[in-house]
Each structure stands twice: as C-alpha cells, then as structure tokens.
Undergrad: 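What follows is a structure written as structure tokens; I'll ask about it next.
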Amino acid sequence: MARAGKCYNIADFERQARRKLPGPLYHYIAGGADDEHTTLANVRGFDRYDLRPSYLKDIRSISMRRKVLGRELEWPLVLAPTGMSRLFHKDGEIGVAREAARSGVGYSLSTMATASIEDVGVISTGSKMFQLYLLNDEAMNFAMIDRCKAAGFDALCLTVDTVVPGNRERDLRTGLTVPPRLSPSSLLAFAMRPRWCWGYLSGGAFSLPNVGGTAGGDLSTLASYFATHMEQNITWASVERIIQHWGGPFAIKGIQSARDARLAASAGASAVIISNHGGRQLDGVPPTIDILANIADAVGDRMEVILDGGIRRGSHIVKALAMGATACMAGRPYLYGLGAYGAPGVRRVLALLRAETERTLGLLGCARIDELSRDHIRLAAEIPDFLQQGEPEQRAQIALHSSIGKLP
Ligand SMILES: Cc1cc2nc3c(=O)[nH]c(=O)nc-3n(C[C@H](O)[C@H](O)[C@H](O)COP(=O)(O)O)c2cc1C
C-alpha cells in the first residue's frame, strides 16, 4: 500500500500502470476505437460544466448512501464490467470485487472475466451485478443467468453496444494476443516488464470460466469468437425474455438516446446505463455527460439512470448526480490501480475517489447527495447576463463561440 499511497489521483495511477504493465496491456486498457475522439471527450466533457456552491450550510456529517439496483451503497459508484482483469494483475476480478465490497460500492463481473460467477459469489458480500453479453444460444444465456441466481448476484446488466467489435488500432499495432503469447512484435514489450511476467506466470492458468473457457487465442480469435457466438440481433423481445428469466433488478448498458431509454423502461428494465463503452466501440458519439440530462428527463422516476464513461474525479461523480444520475460507473480508474499495484492499488483508487466526492459535496454546501440538483451546475464559460442582452445575431455569435470553447 505504501507505494500506491504515493499516487494522489487517477492520473498518477495511469502513469504507474503505464510504467509497470507491458505496453500492449497498458494500451489495451487506455485505448479506444478509431481516432479515440469519444474516449477523450468522455473525460473532457465534464469540464464543460462548472459547479455552483452555496455556503452557510451544516455539512458536519455528509451522507453519500444511495440504493442502486436493489442494494444500498455507501457511496454511489459501481465498478464497470471489464474483461480479463487477470491479464493486468494476478489479483484479478477477485481482488477487485473484494475491494469494491470493502469500500461499499457495487461491482460488475464481465461475461469475459477471468474469474467465475461462483468464485465472485463466494468472496463478495457486497453488491454484485453480472454483465451479460448475449450469445446466439438462448440456452447458454439462461444457463449463465441461472448460475448468477445460484451465486447470489443482486443484479444483471445486458451490454447492447457490442454487436460488432470496435476498431481498436492500438491493439493491432502492439500485436496484443490473449492470453499473452510472445510474438516478434510483442517480445520486447513483455521482456521489459519481468515483474509482470513473473506475476502472470505464477497466477495460474488463463481462462474465461463464464463462457466455458472457449475464447482463448489471439485477439483476432477473440474477435472471431465474438463474430460466431455473439447475438447480432438483440431485440426488445429477447430483452423481455431475459428480464423474465432473471426476475430481479436489471439494467441495459450502452443506452445513448432518450428513445431507447423509454423503450427500456417499457420492456421492464429497472435501470439504464448511459454508456459508449468508454469510447471503445463507436467513435464519434457524444460524451455521456452531455446526453445524461435528456435521458434522465425522459425516464423520470420510472428507472434508475447510471452514468458510465470518463469519471476520473469525485467532482465528475457529483456533476453527474446533480444532472440526474442515480449513480456512476467507472472502468479504467480501477484497472489502472490494479495494473499498477494489484488489489491495494484498487483500494487506494476507491479511497481517493470517495474522499474527492465527499470533499466536493462539502465544498458545494451539500450534506446529502439527495440535495444535489441542476442548480449546482452551470455551463462553463456561460455568457454573463450583460452580454446576453445584445441583438439576436450578436447573441447567436456569442453562443457559437462559447460552444467551441472561446468567448469572442
Ligand atoms: C479493458 C476494458 C475492458 C472492458 N470490458 C468490458 C466488458 O467485458 N463488458 C462491458 O460491458 N464493458 C466493458 N468495458 C467497458 C466498461 O464497462 C465501461 O463502459 C468503460 O470502461 C467506461 O469508461 P471509463 O473507462 O472511462 O470509466 C471495458 C472497458 C475496458 C477499459
């Protein structure tokens, strides 16, 4: 923990993960699709919104508790599902799930995890959700859901934005293979990280136990697994069948429009996860924070709304909650902690984000997250009132300039 203790924010953890992981693995985590426009925009999008404090409030005791997908969390964060965590550190999904429970946040286990539904069920008493990639074999889908019920999972989420694999050019360049295999293009990158190699080799066999371990091979094999086994025709009728079979709290992950969110509510989902897969699928879609308010307004109190993508600070969580999110999800932040220091790194990442969230609330003048509202947010570089009083043409010009980040 001592070394992780020298990291003071998520950017520090990203730098350490870059130093410690073989290049292909760091780039697999950090990268996005195509030009990575959406991956970057997810993070930068938060800067478009300023916080507006209101002081002289009693903030001696701050409560961040919130019920999310049927379980009360100590603070409103859910760790996003990410495949193959064991590649980044031998503590893998088991270590991450333990740290999530310890910190009082939710954990999501991916279909493509390197730990089984049953093992996570045994070690975690905290809130846990299973993330389902729909396979084109309904019996296999139902079998995974039955395993989740037996293992005591609290919620299920269905990811719908992966019907076609995203184009991740960093992985093509680094020659990443799964499980890692030395090839001429990656040999040097792995040889330069002997500590990682030792950890990987001492961590037991690599497998994907939730899909029967069948998806080993290089990323192109994984892509061909996706191409042959993934359901490319996910219909609302199939969503309804999954919800019925599961019978518990259910979220759809990858929703990006008010229309789809309304349809999700009609299908019987309890939550939508507003997500673009961290910019790893369709590049060029807007940052999730920009579409949150519309979607939250469209579903009202019929569903929970979880904001996923770009969370790197507690203030980001607070902005999302103020705009109408029930909770937030984060993926790369904890993977950087895991890659840099294993489970103790994840612990420190969660402690930092929690402290930042609490501090931001106090500095905003809120003792409870329920007090947050859109009054706490303004558009960054919002045009001062006196400038808004100009002629319509002049106002339109000012609005245009401020939307591209430059006041005239
Ligand atoms: C390395 C990595 C693996 C991922 N694997 C999955 C997955 O198996 N299933 C899934 O629904 N999303 C997956 N995601 C997407 C995350 O769940 C989440 O949407 C994304 O990381 C959010 O963006 P953030 O990293 O900026 O927090 C993965 C993301 C990363 C970085």
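Whatever order the structure lists them in is the order used to number ligands and atoms, beginning at 1. Sequence positions, counted from 1, serve as the residue numbers for this chain.
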Undergrad: Show every salt bridge (charged side-chain N to carboxylate O under 4.0 Å, His left out) that has at least one partner inside residues 98-117, sequence neighbours left out.
TA: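 Residue pairs with at least one partner in residues 98-117: Glu99-Arg102, Glu99-Arg347.
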Undergrad: So which bit of Gln281 gets within less than 4.0 Å of ligand 1, heavy atoms only: side chain, backbone, both or neither?
TA: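 Under 4.0 Å from ligand 1, Gln281 contributes no heavy atoms.
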Undergrad: Kindly state each residue pair satisfying salt bridge (charged side-chain N to carboxylate O under 4.0 Å, His left out) with at least one member in residues 123-148, sequence neighbours excluded.
TA: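 Checked against salt bridge (charged side-chain N to carboxylate O under 4.0 Å, His left out) - neighbours excluded - the pairs reaching residues 123-148 are Glu118-Arg147, Glu138-Arg241.
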Undergrad: Please evaluate residues Phe190 and Trp196 with respect to the criterion ring pair (Phe, Tyr, Trp, His ring centres under 6.0 Å), reporting the C-alpha separation (whole Å), side-chain torsions for both, the decisive distance (0.1 Å), and the verdict.
TA: CA-CA 8 Å; Phe190 284 88; Trp196 176 89; 5.3 Å; yes
Undergrad: List the atom of Ser238, the atom of Leu134, and the distance in Å for their closest heavy-atom pair.
TA: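 Of all heavy-atom pairs spanning Ser238 and Leu134, the closest is OG-CD2, 4.2 Å.
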Undergrad: Between Met84 and ligand 1, which residue portion shows a heavy-atom distance shorter than 4.0 Å: side chain, backbone, both, or neither?
TA: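 Within the 4.0 Å criterion, Met84 makes no contact with ligand 1.
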Undergrad: Answer side chain, backbone, both or neither: which part of Arg332 comes under 4.0 Å from ligand 1, heavy atoms only.
TA: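 For Arg332, backbone and side-chain atoms both sit under 4.0 Å from ligand 1.
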Undergrad: Does only the side chain of Asn42 get under 4.0 Å from ligand 1, or the backbone, or both, or neither? Count heavy atoms.
TA: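 Near ligand 1, Asn42 shows nothing, with every heavy atom at 4.0 Å or more.
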Undergrad: With atoms numbered from 1 as shown, which atoms in ligand 1 lie under 4.0 angstrom from a non-hydrogen atom of Tyr28?
TA: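 Result: 1 (C).
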Undergrad: Does the pair Ser103 and Arg354 meet the rule for a side chain to side chain contact (heavy atoms under 4.5 Å, CB included), with working shown?
TA: CA-CA 9 Å; Ser103 180; Arg354 182 181 187 153; 4.2 Å; yes
Undergrad: Using a 4.0 Å cut-off to any heavy atom of Ala330, which atoms of ligand 1 qualify?
TA: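 Answer for ligand 1: 27 (O).
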Undergrad: In ligand 1, which numbered atoms sit nearer than 4.0 Å to a non-hydrogen atom of Ser110?
TA: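 In order of number, 7 (C), 8 (O).
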Undergrad: Is Thr159 touching ligand 1 with its side chain, its backbone, both, or neither, if touching means heavy atoms under 4.0 Å apart?
TA: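 Under 4.0 Å from ligand 1, Thr159 contributes side-chain atoms alone.
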